[in-house]
Amino acid sequence: MSANITWHASSISKSERRLRNGHHSFVIWFTGLSGSGKSTLANAVAGRLFDDHLQSYVLDGDNIRFGLNKDLGFSERDRKENIRRIGEVAKLFVDSGSVVLTAFISPYKEDRRAVRELLKADEFIEIFVKCSIDECEKRDPKGLYQKARNGEIKAFTGINAPYEEPDKPEMIIDTEHFTIDQCVNQIIDYLKANKFI
Ligand SMILES: Nc1ncnc2c1ncn2[C@@H]1O[C@H](COP(=O)(O)OS(=O)(=O)O)[C@@H](OP(=O)(O)O)[C@H]1O
Ligand SMILES: Nc1ncnc2c1ncn2[C@@H]1O[C@H](COP(=O)(O)OP(=O)(O)O)[C@@H](O)[C@H]1O
């Protein structure tokens, strides 16, 4: 922690921003293997929220690694730092009154729990995007499983790096047995039923 720093309270509060936007602000945290459908679902849900005039923003693993986190690789240490920073960014978005949808593998339980603890109970929804490694490998949208099998990627999640499934996520979305539309509807229904939107 740096020395000689002081916290400045914002002149506009989170509740004032929520009131102006006309909706709650919170994080929808998608976690799952590469190719499980995190980005697809985050973007599709964001599209539905946009159509309903809600302020929302998607933070996506690949994109964030082009900028903010371009100094990080895929060692355990770097993945942890990746998720720590995204947790802090997500919290800022919540403070700004937005719904933030994150699409990171976030393989470690401990890191996801740390993000949960940054936020209030009604500000964090963890969604486990469930899909078997076989199906993810069959989809292989970026050809990365093939590369990992060929030994071109050393620590690839699910092949030779761990993925820890959540014990008690708010939602489990099974992308192997439901279509994209069905999955999006399940998420929107959950948000409505629990008064998030
Ligand atoms: N070694 C290795 N393991 C897993 N994934 C890899 C790796 N190298 C590159 N990629 C690509 O990076 C995306 C995952 O980045 P994340 O920031 O979500 O990963 S993590 O949460 O820090 O584990 C991941 O994107 P998704 O497929 O969208 O999950 C891959 O495209
Ligand atoms: N029910 C589903 N939900 C999400 N994606 C699905 C589903 N069924 C098939 N897919 C396909 O699986 C792939 C998932 O890729 P992507 O969203 O990039 O995954 P991730 O972000 O987890 O790496 C896409 O090609 C998508 O069209």
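Whatever order the structure lists them in is the order used to number ligands and atoms, beginning at 1. Positions are given from 1 along the sequence.
Within the structure, the closest approach of Val129 to ligand 2 does not fall below 4.0 Å when heavy atoms are considered. At least one heavy atom of Ser34 sits closer than 4.0 Å to an atom of ligand 2. Ligand 2 is never approached by Ala103 to a heavy-atom distance shorter than 4.0 Å. Within the structure, ligand 1 lacks Ala161 among the residues with a heavy atom less than 4.0 angstrom away.
Neither the backbone nor the side chain of Leu33 has any atom closer than 4.0 Å to an atom of ligand 1 (non-hydrogen atoms only). Counting heavy atoms closer than 4.0 Å to ligand 2, residue Cys183 contributes side-chain atoms (C-beta onward) but none from N, CA, C or O. Residue Ile105 touches ligand 1 through backbone and side chain together, judged by heavy-atom distances below 4.0 Å.
For the pair Lys38 and Phe104, the cation-pi criterion (under 6.0 Å, within 45° of the ring axis) is not fulfilled.
Around atom 8 (N) of ligand 2, the closest heavy atom drawn from Gln182, Arg139, Lys38, Glu176 belongs to Arg139.
Remark: Glu176 does not engage Lys130 in a salt bridge, criterion side-chain N to carboxylate O under 4.0 Å. Using a cut-off of 4.0 Å between Lys/Arg side-chain N and Asp/Glu carboxylate O, Asp111 and Arg116 are scored as not salt-bridged. Between Glu164 and Arg112, none of the side-chain N atoms (NZ, or NE/NH1/NH2) sits under 4.0 Å from a carboxylate O, so this pair counts as no salt bridge.
Residue contact check: Thr179 has heavy atoms under 4.0 Å from atoms 1 (N) of ligand 2.
Not a single donor-acceptor pair under 3.5 Å links the side chain of Asp95 to the backbone N or O of Lys14.
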